Structure formats: structure tokens, C-alpha cells
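All remarks here apply to the structure that follows.
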Amino acid sequence: MTDTPETQPFDKAQGESFEPVIIGFTCNWCSYRAADMAGTARMKYAPNVRLIRLMCSGRLDPTFVLKAFAGGADAVLISGCHPGDCHYINQNYKMLRRFHLLKRVLQQMGIEPERLKLLWASAAEGAIFAEEINKFVEQVRPLGPLNWKPGNGAHVEAPVHEEVPA
Amino acid sequence: MSETISFRQEVANLLYASEGEPLNTCIQCGTCSGTCPVAPYMDYTPRQIIAMINQGMKEQVLESNTFWYCASCYHCTVRCPQDINITDLMYALKRYSIWKGQHKEGLIGPTFSEAFVKMIVRTGRSFEPVLAPSYIFSFGMRELLLEVQGATELLLKGRLPLLPSRIKRLDNFKRMLGRIIPMGGLE
Amino acid sequence: MKKEFAYFPGCSLEKMAISYHMSAIETTKKLGVHLKELEDWNCCGATTYSYIDELLAYTLSARNLAIAEQTGLDVVAPCSACYKNMYFTAAHLKKDPDLAEHINFALEEDNLHFTGSVGVKHLIEVFAYDIGPEELKSKVVKPLTGLRIAPYYGCQIVRPQKDHEDVELPQFFEEILSAIGATPVNYPLKMRCCGGSLIISSRPAALSMVRNLLQCAVDSQADVVATACPMCQVNLEVYQQQVNQEFGTNFSVPIMYFTQLIGLALGIPQKKLGIGKEFVAATPALLRLEQAGAAPDQETKE
Amino acid sequence: MSKPKFAMYWAASCGGCEIAVLNIHEKILDVDANFEVVFWPVAMDAKYKDVEAMEDGAILLTLFNGGIRNDENEHMAKLLRKKSQILVAFGSCACEGCIPGLANFSPIQQVVDTAFGTISTDNPNNVRPQTSYEMPEGAIHIPTLLPVLKTLDQVVDVDYYMPGCPPESHQIAAVIDLVIQVLQGKAQLPPKGSVIGAGGSTVCDECPRKRNVKTIKEFGRIQLTEADPELCLLEQGIPCNGPATRSGCGAKCPSAGAQCIGCYGPAEGVVDYGARLIAAFGSVIDADKPEDIERILDGLVDPAGQFYRFNLAGSLLRAAKPAWKSGD
Amino acid sequence: MEKKERIGVYVCHCGTNIAGVVNVGEVSTWAAENLKEQGVVISRDYKFMCSSLGQELIQKDIKEHGLTRVVVAACSPHLHEQTFRNACKGADLNPYLCELVSIREQSSWVHTDKVAATEKSKALIAGGVARVVHHEPLEPLRVPIHPATLVVGGGIAGIQAALEIANAGYPVYLVEREPSIGGHMAQFDKTFPTLDCSACILTPKMVEAGSHPNITLLTYSEVEKVDGYVGNFVVTVRKRARSVNEELCTGCGICWEKCPKKVVDNVFEAGMGTRKAIYVPFPQAVPKYPVIDRENCTYYIKGTCKACEKFCPTNAIDFAQEDQILNIEVGNIILATGYELFDARRITQYGYGRLANVFTSLEFERLSNAAGPTGGNIVLRDGKTTPKVVGIVHCVGSRDKNYNEYCSAICCMQSLKFAHLVHERTGAEVYNFYIDIRTPAKGYEEFYHRLLEEGTHFIRGKVAEITDAVRLPGEEGKLIVQVEDTLTGNQLRVPVDMVILSAGLEPRRDAKEVAKKFGISCSADGWLIERHPKLDPVATVTEGIYIAGCVQGPKDIPASVAQGAAAAARILGKIQQKEIALEPVRASINQEQCSGCRICNNLCPFNAILFHEDRMVSEVNPALCQGCGTCVAACPAGAISGTGFSNEQILSQIEGLLLLNIPKKETVA
């Protein structure tokens with residue numbers, strides 16, 4: 001029985017060329033559109049972030065963040081509309097509250113707080129979005145790979161069987 | 001990137017801790033200059049200085065007297081509709097021109113500042129009489145006489161110290177400042 | 001009400017503004033507030049230090065703040081420039097941990113460390129808020145009835161600090177003056193700069209600023225201009241003569257520290273308040289006041 | 001025809017699960033009547049080699065309690081898996097790691113140091129256990145600790161899960177009844193992977209306390225709070241894990257005035273138990289400004305411990321970073 | 001093992017937009033080879049997937065290969081999600097079984113490293129494939145629409161909207177807080193740039209709205225509560241007691257003539273004039289019935305007087321009248337609650353409230369209005385002196401981070417209008433102090449030129465302060481405007497007799513509560529937020545609620561009218577469809593799993609979650625649910641699920657994005 005995965009999530013060359021893999025969560029209305037805007041304006045940013053679109057940052061279930069870390073992500077970005085500008089009135093505040101609690105728990109789990117970032121971005125803030133992603137990548141890079149031992153949880157992962165020496 | 005940085009960026013880098021919006025957000029409304037009590041004495045108004053910095057007119061900016069005339073009253077700063085910290089910008093320009101040794105001729109400000117700073121480095125406190133000769137000899141008798149006139153009266157009223165005050169832990173103090181910048185240039 | 005503060009007099013109060021120092025100590029004592037002078041404080045750097053190096057300027061203030069922190073008291077500065085420097089140094093250092101680390105590295109040489117716990121106040125804030133006009137009024141024994149005073153705030157008490165109160169038209173100085181029975185006059189230039197930091201380097205500009213302020217005080221029929229800053233006081237007073245020479249005017253406006261005025265109302269003898277050390281004698285104005293029946297110079301037994 | 005064979009084994013556990021089984025009282029006679037008990041170290045004498053000698057699948061039902069803490073646990077888990085037709089992860093330790101799993105917050109070396117080297121330990125010579133030791137009589141071996149504690153299903157395939165610390169005796173009795181009925185052809189086994197002996201909702205479902213719309217202005221600790229005996233504890237700021245914890249226990253703790261600490265584990269379909277509580281508690285904090293949120297959270301002592309008391313080994317992250325790092 | 005999905009992957013070149021950076025061929029081949037396990041049976045790349053040929057390609061594959069899921073890797077879903085959903089629908093595949101992966105906005109356009117962009121695109125597609133497996137076929141929710149509409153706010157935007165809908169033959173309730181409709185426009189003298197008499201163009205519209213058979217006018221009324229959802233709102237309106245029986249009143253005006261109590265009118269006359277305790281705000285008020293202002297009426301204060309009652313020829317005065325609570329059923333709602341003027345007192349250095357002859361723009365409107373307190377005479381605060389020099393300050397409270405950062409849009413033109421009126425009526429010298437002159441609409445720039453020709457002075461500089469502290473000769477008794485003429489760099493002190501502050505527009509003080517009441521959102525500034533700033537400016541995120549006029553942001557009269565009409569047109573379109581299809585992205589609660597813990601009850605801003613006390617479970621009303629998913633994330637029992645964004649979908653997408661469970665091939669060099 002071993003915890004070494006058969007497939008590494010990503011090519012993680014060690015050392016100076018380490019490219020962190022970042023999972024990002026955006027809301028449909030502001031931050032995803034900020035990403036769209038960065039694209040439309042051809043702003044360049046680091047290719048390390050892979051985005052997931054939620055309808056609202058309020059949908060952000062801490063499970064998603066834990067899943068991303070457990071699945072090999074080196075960092076997680078959470079973004080939503082600016083406080084007060086939520087498309088769903090005020091749901092981003094609910095995410096904000098969870099975020100603070102989640103951050104505390106992750107810290108206890110030994111995950112550096114620098115690996116989790118909260119970013120408010122309006123649909124018009126493509127430039128900020130791009131700039132913040134670059135900053136985030138540079139913030140994570142010196143921490144090195146997180147390389148969490150992959151495990152999808154007790155009830156999900158199919159265990160590997162081995163011959164038992166009699 | 002090996003690009004040379006713009007004058008605006010150089011200035012921005014000098015504002016290490018200052019809060020406020022960057023100069024490129026200036027909308028040239030003139031609130032600062034309209035507010036400034038010293039604007040009529042300046043070669044360029046503060047607004048013009050910002051425009052000139054944004055245009056990269058380094059030589060003209062450094063040769064102007066504008067920032068040496070800033071009285072640090074912060075009136076422009078509280079009124080600026082763009083939250084630009086204009087007063088701190090003026091400080092930055094003073095620093096820049098002193099470091100580069102590049103400033104308008106005939107100005108008292110730079111010499112005075114250096115004298116003042118040297119004094120504090122030496123004693124930890126400010127001592128008015130020491131200031132007088134340090135600049136007066138470079139700027140002529142008229143100022144000296146004007147100053148002496150006031151100074152004598154201060155002395156008579158018991159308001160001018162005869163000996164400089166010193167702080168006790170002066171050695172520590174000097175070493176402390178030495179950790180921020182090498183003192184060679186000042187002492 | 002807080003009874004004790006760490007007191008940072010600043011270089012000017014050692015000699016040039018000795019009467020400010022004297023009156024500050026006397027009045028606070030009378031009002032049951034203890035000003036405990038900081039041990040081995042250094043110069044705040046005035047405005048000049050920022051001309052040379054921003055970080056050095058912060059270091060100077062940070063040393064004083066760190067010393068103040070050891071007392072566990074809020075630090076009070078009577079000089080607006082000292083106050084502004086300390087207030088912003090504390091604010092910047094609290095906000096920017098990198099900066100704090102850098103400065104603390106230097107402070108180590110003097111076995112000091114700044115943590116950000118200290119509050120910074122201007123002396124006039126102690127009177128305006130910690131003591132408050134009500135309390136002050138109740139302690140007045142010789143109200144300065146009829147004395148018209150121009151409250152001169154100057155620059156750096158409320159600027160550029162924005163969350164304090166109205167940065168354009170504050171009222172706390174007026175409230176203090178009303179509390180001691182005087183008449184605060186409408187002084188439209190109360191927030192304008194006196195040009196103190198220019199008096200050496202750019203004299204013509206500074207003198208014209210002084211002239212405007214004096215003219216405005218005369219126009220608003222002020223007997224006295226009250227200040228809360230040694231720089232303003234010296235600038236408005238010592239250079240009055242030069243202004244008269246330069247502009248052909250004939251100003252003779254006494255410039256007094258607000259603490260001196262409070263001291264008079266509290267019945268503290270003039271001498272203890274350093275009255276008499278001014279260039280433009282305050283006596284004629286005070287004499288008028290006396291004739292008007294308020295009799296400020298009757299010494300009370302303590 | 002011989003009776004079907006029954007086994008029960010304890011790995012890293014406290015023994016409470018065995019007591020819970022015995023607590024079914026006379027029902028234990030049904031077990032004896034319907035099964036042949038072939039292996040149950042706490043109740044009868046049997047040797048590992050007896051089990052090893054059995055044919056694969058010879059045991060019909062094995063209740064396995066305890067987490068996998070060392071190589072002996074691991075070996076036995078694999079062995080029993082091979083010999084059993086139905087392997088049940090019995091109790092919180094086997095299901096999700098339980099209290100022994102809390103060791104996963106720390107590197108194993110630190111765990112050992114704490115056990116043998118802290119001031120409260122009577123160990124003047126600072127003796128540390130060796131996995132292998134030469135005696136005049138020959139070498140002896142004791143099991144090697146694994147870097148992190150694992151749940152049973154992280155090691156072998158598991159047929160059913162029975163949560164609880166320990167599982168409630170009436171639930172055990174019900175499960176035994178069911179199995180007997182299945183043997184008699186009167187009932188069918190639930191689908192593989194099911195949670196048995198528990199409810200389908202959460203503890204709140206069985207909790208008698210009155211509940212309102214929730215907003216938490218402040219967190220408190222139950223020992224320092226005078227809680228209203230009628231009202232939902234969470235509403236009173238006491239971090240009760242009931243809303244996220246599977247029902248089946250009868251809400252024993254909140255009924256008795258203590259908050260639920262979560263021993264019945266996550267509800268059906270939940271991927272990460274702690275995440276549910278982070279989300280739920282987080283959502284109802286009554287503050288919008290970061291500083292206010294932080295202030296309220298300051299009242300929640302040791303959130304990771306609160307949320308993962310029983311579930312750390314079974315959670316998505318399984319262990320804190322220093323713990324798994326030390327195992328590299 | 002359940003039935004395995006058959007997935008098609010389609011990688012778009014978007015011309016060279018994607019193909020120029022991402023190696024689309026490699027991506028497509030990679031997906032075909034590496035995502036087999038996930039169910040990919042076919043993977044193609046094509047020049048323009050969104051073209052009709054591209055769509056046909058997908059449709060053909062759906063039929064020929066029996067695809068059960070489609071993943072399109074192309075541009076942002078905000079652009080073409082609908083396109084590809086429709087394509088699937090055309091091939092009889094439920095449109096919600098299609099997933100769009102953005103490899104243009106999120107990859108080719110933002111990255112320069114081709115290898116990295118290609119690798120990232122692969123990961124994004126793997127995420128999309130992993131996710132699409134868990135998609136479910138969804139059907140839009142259909143609800144009927146009530147034909148009536150509620151318009152809140154009786155300013156020009158609201159009036160226009162009400163008339164459009166009423167003229168189309170549908171009922172409208174027009175609710176206005178003040179005793180008369182008309183709004184700010186009724187206060188103005190002239191409108192720019194045509195200098196039309198404001199009242200002359202507004203009054204006919206007010207009368208039409210007041211007498212329209214399809215419009216129920218509810219003035220002196222406020223909305224208290226909104227329940228229900230698009231098509232089926234139930235609105236509670238409080239109709240405040242006018243103390244006048246509308247059945248009997250003829251609006252003859254004797255009552256307010258006889259009323260002995262004068263009150264300073266801070267609303268209509270902006271504090272410049274007075275009205276009586278029983279009053280109509282202005283002569284052309286609609287409806288014509290007066291109201292008694294109970295706070296100021298002598299009878300309500302002292303119990304005596306009743307002059308109005310005594311003189312009323314029709315016995316219409318009813319002192320005992322009470323507020324009425326009305327419940328109105330409507331299908332759609334338009335919010336047109338307008339703006340408030342920036343409080344110029346906040347800029348202390350401009351002296352408003354301290355220096356007598358500093359006026360606000362609204363004060364000046366009344367001053368210059370022939371029906372106003374001075375009969376249109378432009379005079380100083382003393383009521384008689386005509387100013388010789390007038391300064392007009394632009395951008396008061398606007399374009400300033402200390403107050404409001406936005407441009408109030410109307411101040412430039414308004415200031416030019418003032419300058420013209422001052423010049424025309426008094427012959428005074430006029431100085432306009434401006435930062436920029438913004439005249440972007442039809443005829444506006446021409447008006448500016450006209451002012452230049454009239455000899456109005458324009459000084460480019462934001463005014464630093466206005467003072468009465470005299471420094472120079474010629475300043476005595478004047479207000480001095482201190483400003484930098486930024487075009488010359490000179491600091492000026494301009495002595496004037498009168499200053500007009502062109503104060504900016506601000507959201508209504510209660511905008512946030514209004515937004516909350518109607519379940520829509522407001523920006524940090526306080527303006528209500530439209531669904532899309534460019535493409536959907538009058539709709540909001542809440543279905544059935546529309547916004548028009550200044551409530552959405554500062555704008556002039558033509559723009560407000562246009563928005564009113566636009567909102568009406570949107571609603572008419574909906575009403576005519578008789579029912580509405582709602583996006584099926586919704587939350588639902590598994591009643592078995594719900595323990596009634598009530599964590600979720602407080603989380604929904606749309607009140608879509610109700611709690612059944614009897615069964616102790618919570619339930620989601622699908623018509624109210626907007627699909628944000630906050631409750632899904634919060635449910636501690638995992639009992640709430642969300643269609644379209646389920647846990648399985650997102651967790652699988654994470655696995656896909658991290659390329660978990662994908663056999664590793666040789667690394668790309």
C-alpha cells in the first residue's frame with residue numbers, strides 16, 4: 001500500500017523553474033467577467049491559474065478549496081464582486097465570513113496562508129485581475145510545491161488492494 | 001527588464017511609505033495650486049509640477065524652486081479630489097534633488113536641511129544657534145543681520161539656548177541611524 | 001478621563017517656546033492630568049528630515065514612539081510638527097509591516113522595539129477631548145470675559161489626518177476658548193499655513209503669509225491670536241517686526257499659546273505661564289481685560 | 001450445516017466499541033445462536049495464525065474497529081479483508097479516524113516525543129520503544145508506527161460503515177437483527193458502501209431543542225456559558241456540530257446539555273465533514289467587516305480541532321502538512 | 001457501473017485568435033487520446049465553431065456518434081454559451097448537457113508562452129469534460145405573468161414608463177412619495193440646451209398620466225413591502241392620509257388660500273419659498289388634491305383652527321382620515337425613484353450655509369423660475385440686490401474621491417444654462433469654473449459655443465475655496481473665489497457677488513433600503529445596478545424588476561425618458577408572452593436529509609427559503625430562487641443541491657483541471 005500517486009497532477013519541475021498550479025474560483029458576474037475583460041483587452045498574465053466559474057462567490061464551498069489542495073493544487077484563488085456590489089445583493093459577504101474561518105483552519109492544517117488569496121474584482125477590473133494573478137503566482141512560487149498527498153477522502157477514493165503476505 | 005524607469009516611477013519609488021494615489025491619476029484640476037498659500041512664489045504650480053513629472057521633464061522639475069517653497073501645510077493633500085499626497089511628493093522631490101546634488105542655485109533650503117540633519121545626527125536634538133552660521137555664510141549678510149536681530153531678542157527673553165542639548169544614548173542613536181543609511185554622506 | 005500621558009516636549013519647548021512648556025505643565029497639573037516627560041527623547045526631525053531621507057525621518061519618530069510605548073501611555077506632543085511626524089510614523093508603521101521591520105531593525109541598536117500599541121495626540125486634543133470643554137469650564141476661576149481671541153489652528157493638527165473631524169472648519173479650538181470665557185472670533189484664515197517651515201529658506205513667501213494672518217486677525221478685531229504650535233507662535237511673533245519693515249504695516253498682535261490663556265482662566269500666575277517672554281507684549285491686551293473687570297493677574301494662593 | 005462465522009477485531013481504538021457490542025445485553029445470545037465466533041481478541045483466545053490458516057472468504061461478517069496506526073493494524077486489515085465476505089468499518093475510528101486520528105495534526109516523531117518525553121511522563125531514562133530488540137531469548141519485534149493514521153477504507157475495500165464513538169447499542173442490535181434476517185432470507189442487504197446503523201439526516205433532526213433563524217454574534221464555550229436549556233446551542237454561540245453530524249445517536253449530547261462533537265460523522269453524500277461546518281458556521285456569523293468577522297472568530301477556539309475531532313483522518317486533507325511531510 | 005456518457009470535444013481556432021497561441025490540433029488529439037476513460041469518444045478542432053458550419057458539425061456528431069454530452073473549447077461562455085446550447089437543442093440534446101470552456105479569454109489572449117497556453121487549455125478541457133459528465137438535462141421553469149405593472153417614482157422617467165405601458169392597454173400603478181407627480185423636472189425653469197420651459201413640456205404628460213384610464217395614481221404613498229416573484233409580485237403600498245377626501249375635492253384652492261399657517265418649503269422650493277400647511281406643491285400639481293401637512297398644521301398641533309374645513313365648499317376636508325394599506329398584484333416593477341442633490345454643506349471651504357450668497361443649483365432653479373419665490377428675479381439672498389458678477393462652480397461633490405468619484409453628467413450643461421440665464425436676465429459677468437466641459441449629447445456642444453459667444457468667462461480650474469476674507473483692494477463685500485487658472489498657471493482670486501454651486505447628483509438616501517426591499521443590488525456609490533451596463537441597462541438581476549432614470553445613475557432628461565420607455569418596452573414584451581421561462585439554475589432541498597437546523601434560513605436575500613414549522617424542514621421556492629448557490633454551500637447536512645453547479649460537477653471539474661485520474665504521457669518539450 002502506498003500513497004504515491006500513479007499520476008502526478010502536474011509536471012512540477014523543482015527549484016527555480018517551479019510553476020505553481022493554482023485553482024481559481026470566480027463568480028459569474030464580476031470576477032469571471034474581469035477575466036473575460038483581461039482577455040478582451042489582451043492583457044498578459046501568468047498561465048498558472050485555472051478558473052472555475054460559480055454563479056456567485058457565495059457558492060464557494062470550503063470543500064472545493066480543500067479538494068483543490070488535496071488534489072495537488074499549490075494555491076487557491078477565490079474571487080468575487082466587491083463588497084456591496086454583489087449581483088446577489090450580499091452573498092459575497094457570506095463567502096467572506098467563511099473565507100476567514102477557512103483560513104484559520106488551513107493554517108492549523110499547516111498550509112501557508114499565502115497559498116490562499118481573496119480577490120475582489122469588478123467586471124471592469126480586468127487589469128487588476130491580471131495584475132493580482134501575477135502577484136499571486138510570485139507570492140506562491142517561493143513557497144515551493146505543496147504536493148499534498150493525493151487522497152480524495154475516505155468515501156470517494158477506491159482503495160488499492162495488495163497481496164497480503166501470509 | 002532593462003528598460004530605464006521613467007522619472008515618474010523614480011519619484012514614486014521615493015515615496016516609500018506614503019499612502020495616496022499615484023501621480024498618473026492626476027486630472028489636472030488645479031485644486032492643489034488654487035489652495036497653495038505659496039503658489040505665487042513658485043516657478044511652477046504644484047499641478048504643473050505633477051504634469052511635468054508625468055511628462056518626464058526631469059531637468060526642469062529639479063531646477064524649479066516649487067518643492068523648496070512647499071511649506072508642508074498639507075492643505076492641497078486634504079483637498080485633492082484624486083487623493084494624491086502632494087505634500088509628500090514635494091518631500092520626495094526635495095530628497096531627490098539633494099541626493100542628486102541637483103537643485104536650483106541660490107536656494108537656502110537644501111543647505112539648511114543638510115545642516116539641520118547633521119546637527120540632529122550629532123546631538124539628537126535641534127539647537128537653533130548652530131543653524132545660523134551654517135547657512136548664513138553662504139547666503140550673505142542681509143539674512144545674517146535679519147536673523148541676528150531676532151536672535152538677540154530671543155536671547156534677551158531667555159528663549160535661546162546657549163549650549164546644545166544632547167540626548168543621553170547618543171552612541172546608540174548614531175548606530176541606529178547608521179542602520180538606515182550610511183552616515184558618510186552626512187557626517 | 002485619562003489622567004496620565006507620555007509627554008514629548010520637542011526641541012522648541014526646551015528653550016525657544018519655553019513658555020509653552022511651562023504653561024502646558026502648569027495647566028495640566030491644575031486640571032489633574034499628569035504629563036510624564038519621555039525619557040531621553042530625540043528630535044522628531046521636523047519637516048526637514050523628510051527632505052533628506054524618508055526612512056531616517058521615520059526612524060527618528062519611531063524611536064520616540066518606542067520609548068513612549070514602554071510607558072504604556074499615549075504620547076502627547078505640543079508641537080504640531082512633532083505631532084504630525086509621530087502620528088504618521090505610527091500610522092505608516094502599523095499599516096506596513098515591512099517598513100516596521102526595517103525600522104525596528106534600526107531601533108535594535110538602542111534596544112527598542114515599536115509594536116504599534118501607542119496612541120499619538122496633540123496637546124490641544126487632550127484639552128479638547130480628554131479633558132473637554134465642560135470639565136475645563138468648571139475649573140475656570142477667572143473667565144477671560146470680553147477677550148477677543150483668534151483661534152489659529154495652523155496646518156498640522158488636523159491635516160492631513162482625515163478621520164479626525166472637519167479638516168476645513170474644525171471647532172474644538174473655539175470650544176476651548178468659549179469654555180474659558182473668552183470670545184473666539186471668526187478668523188477665516190484659521191486653517192491657513194503660517195509658513196513656519198519657510199521662514200529660513202524662503203523668507204519673502206513666509207513673511208507675506210505671516211502678514212496675511214496678522215491682517216486677518218486685525219480685521220476680525222482679535223485682541224490676541226492663540227496658537228497651539230511653537231513654530232506658528234515664533235513665526236507670527238518674532239517676525240512681526242520684519243513684516244512691518246517689509247510691508248510698511250504696523251502690526252502689534254500678541255501671539256499666545258492656548259495653554260497660557262487657559263492658565264490665566266484657571267488663575268495661574270502669569271509668570272508661571274511664561275507670560276513676559278513674548279516679543280509682542282501680551283500685557284496691554286491683558287490689561288484691557290483687567291480693566292474690563294476680569295482681573296486676570298490676581299494671584300491665587302495655591 | 002455449520003453456523004456462519006463471525007469475527008471482530010480492534011486496531012487503533014479504545015475498546016469502547018467492544019463494550020458497546022456487549023451492551024446489547026441478551027441480544028448477544030442471538031449472535032451466539034446464529035454465528036460461530038471465530039476471532040474476537042477481546043472476548044476469546046485466538047491466534048493470528050488461526051486466521052491466516054482460514055480459507056479466503058471463510059468469515060461471513062467481520063466488525064473491524066479502530067484506525068490503522070501501525071503495520072500490524074495494516075496487516076490485520078488486509079488479512080481480515082481477504083478472509084471476510086462482509087467487512088464492516090465499525091465505529092468512528094475505522095470509519096474516519098476518530099480521536100487517534102487527531103495525531104495527524106502532528107509529525108509522528110512529535111507524537112512519540114509527547115508520549116515518552118513530556119514532563120508528565122514518568123520516563124527518567126528517556127526510554128524510547130524500538131521496533132526490534134535483541135534479547136538473550138532472541139529478537140522481539142513490536143509494530144512500526146505509520147506516519148499518519150489511516151481509516152480502514154484507506155487501506156482496504158470496505159463493505160459497510162457503521163459510525164459512532166461508539167455506535168449506539170440499539171443501533172448495533174438493529175444491525176445484528178438485520179443480518180440475521182438476511183441469513184434467514186427475510187431481508188436484503190443494503191447496497192455496498194452504505195452507512196448502516198445510523199439515520200439519514202443530522203443530529204438536529206433528533207434534537208429536542210427549539211430552533212430559530214441563526215445569526216452568531218459571538219462564540220462561547222459551553223463550560224463558561226449559562227446556556228438556555230430549551231434553545232438550540234448553536235444559536236447561543238456554542239459551537240455545536242449537530243447540524244453537520246449524521247443522526248442516529250438520538251441527539252444524546254445536546255439533550256443532556258452538551259454540544260454535539262460530531263462522533264457520528266458526516267451526513268450522506270458529504271465529501272468533507274469539516275468543510276460543512278466551516279461553511280455553515282461561517283455563513284451565519286453576524287458581521288461583514290473583516291475585523292468584525294475576525295473578532296467573532298476569535299471566540300471559536302481551535303476551529304480545526306472543533307471541526308475535525310473525529311474526522312481528520314477521513315477528511316479530504318487527511319492530515320496536517322507537518323504530519324505527512326514527516327512521512328516522506 | 002452506470003451507463004457511460006459519450007462525450008464530444010470541439011476545439012475552436014477562432015481564426016487565429018486561439019490557434020495563433022494554442023496548438024489546437026495538439027489539444028484536440030490529446031483530448032481524444034487521454035480523456036477516453038472520461039467518456040470522450042470524439043474530439044475535433046475547427047476554424048470557427050460558432051459558425052453555422054461549426055454548429056452543424058456538432059449536431060451531426062451528436063446524431064451519428066450518439067453523443068450524450070458536448071464540450072466546446074472556444075471563447076467565454078458569456079459570449080457563445082447560448083449559441084452552443086441552441087446547437088445541441090437543434091440536435092435533440094438537452095441544451096444544458098453542453099459545457100463551454102474558455103480557451104480564448106482565459107488562455108490564448110492572455111498568455112504568450114505557447115506551450116504553457118496549450119497545456120493550460122488541455123487542463124481546462126479536462127476540467128470541462130470531468131464536469132459535463134455530471135450535467136443533468138434541465139428544463140426552464142415557466143410561470144405566468146400578471147399584466148399589471150407597478151411604477152415606483154413619479155418623476156419624468158416614471159411618468160414616461162407608466163404612459164407607455166398604459167397606452168399599450170395594460171394597467172399601471174404609479175406610486176409617488178410626494179403629494180404630486182412631476183419630480184425634479186417640475187422644479188426647473190428651463191431645460192438645456194433648447195431652453196424649453198420645463199413646466200410647459202412636463203405638465204401635459206403629468207395631466208395625461210393623471211387622467212389615463214389605465215393608470216392608478218397613488219401619490220403621497222410609499223411601497224412598504226414586496227412579496228412574490230416575477231410575474232406574480234404582491235406589493236404592499238401605504239397610501240398616506242391626505243386629510244382630504246379625493247371624491248369630494250375639486251382642487252379649487254380655497255383651502256390653501258385661507259390656511260393661516262406658512263411653512264418653509266424645503267422640498268419643492270428648495271428652502272427658497274414657503275407654502276401653507278394645507279398645500280399642493282405647485283400650481284400644476286397632479287393630482288390636484290391638496291394634502292394637510294400634519295406636522296405643521298395648527299389643528300393637528302393645537303386642536304383648533306380648521307380654517308380649511310370652514311371654507312371648503314365641498315366638505316372635502318377629513319381630519320380623521322387614516323393611512324390606507326393597499327395590496328397590489330403586479331407582474332413587473334419599474335423603479336424610477338430618482339436622485340437627491342449633493343449636500344453642498346459637506347464641502348466646508350465652499351461656504352454654503354455659512355456665506356449667504358452661495359447658492360445651490362436647485363436654489364438657483366427656483367430663483368430663476370418665473371413661478372418661483374422671486375418671480376424669476378435673480379437676486380442675492382437679501383431678496384433685492386441684483387448681482388453684478390456671478391461665479392458658477394462645476395463639479396461640486398462630483399469627480400472627487402473625498403465625496404463622489406463619479407461625474408454627475410448634468411452639471412456642465414446645467415451650469416451653462418445658469419450662465420446663460422444670469423447673463424440674459426441680469427447682464428452680470430459670469431465666471432464658470434470647470435475642470436472639463438463635458439457636452440456629449442445632441443445640441444450640447446453648440447450650446448457651449450453659444451455661451452462662449454455670449455462672453456461668459458470660462459476658467460479651467462477646480463475651485464479651491466470661497467471666502468469672504470478680504471486681502472486685496474476690490475475684494476471688500478465680495479465673495480472671493482480662489483482658483484488656479486490651470487491654462488495659465490496663475491493663482492486667481494476672483495471677487496463675485498453670487499456663487500452658484502453646481503452640486504452633483506447622489507442616490508436617494510434610502511437607496512440601499514429600497515434596493516433591499518425590491519431584492520436588487522446597489523453599487524458602493526448607491527446607484528442601483530443594472531443587469532448589464534452596456535447591453536441590459538434597464539433590467540436588474542432580479543427578474544421582473546426594472547430601473548429607469550437617475551436611480552440607475554446620473555443622467556439628463558432625454559436619457560431618463562428613454563430609459564423609462566425602454567423599461568416599459570421590455571415589460572410589454574414580457575406581458576405579451578403571458579408567461580416567462582426562468583433559468584433552471586436553482587437550489588432545492590432534499591426533504592429527507594434536511595434536519596431543519598435553519599442555518600440556511602437567513603442566507604437568502606430573495607427570501608426563497610421557507611421553513612415549515614410543522615414538518616421542521618426548509619424548502620426552496622424555485623420561482624424566487626436566483627441560483628446563487630450560497631445555501632448549497634452553507635448546508636451543513638449537504639441536503640441542499642444546486643442544479644447546474646452541483647458539488648459533483650465542481651469537484652469533478654477540480655479533478656479535471658488538476659489532471660487527476662489521467663494517465664500520464666510523455667511531457668511536451
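Below, chain A is the first sequence line, B the second, and so on; all start at residue 1. Predicted model only: the values in this text are computed from it and were never measured.
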Is atom [atom1] of [X] surrounded by more than 12 heavy atoms (other residues, nucleotides or ligands) closer than 6.0 Å?
X       : atom1 : result
K516(E) : NZ    : no
E218(D) : CD    : no
Q223(D) : CD    : yes
E37(E)  : CD    : no
E136(E) : CD    : no
Q181(D) : CD    : yes
K401(E) : NZ    : yes

L651(E) and V271(D), any side-chain heavy atoms less than 4.5 Å apart: yes
Scored by heavy-atom pairs under 4.5 Å with chain D, the best of L603(E), N601(E), N590(E) is L603(E)
Of all of C597(E), C594(E), G638(E), which one pairs up most often with chain D through heavy atoms under 4.5 Å apart? C597(E)
What's the shortest heavy-atom distance between [X] and [Y], and which atoms?
X       : Y       : value
V213(D) : R598(E) : CG2-NH2, 3.5 Å
A279(D) : A634(E) : CB-CA, 4.1 Å
A637(E) : V270(D) : O-CG2, 3.7 Å

Among all residues two or more places apart in sequence or in another chain, which pass the ring-ring contact (aromatic ring centres under 6.0 Å, His included) test with Y339(E)? H184(E)
What's the separation between atom CG in L277(D) and atom CD1 in I599(E), rounded to the nearest 0.5 Å? 8.5 Å
Is the backbone N or O of G200(D) less than 3.5 Å from a side-chain atom of Q593(E), with the two atoms forming a donor-acceptor pair by type? no
Any donor-acceptor N/O pair, R276(D) side chain to C635(E) backbone, under 3.5 Å: yes
So which residue, K214(D), R211(D), E268(D), ends up with the most heavy-atom pairs under 4.5 Å with chain E? R211(D)
Given G282(D), C204(D), A267(D), the one with more heavy-atom pairs under 4.5 angstrom with chain E than any other is C204(D)
Interface moiety of I278(D) toward chain E, non-hydrogen atoms closer than 4.5 Å: neither
Positions in residues 243-260 of chain D that reach chain E, provided some heavy atom is under 4.5 Å away: P243(D), A244(D)
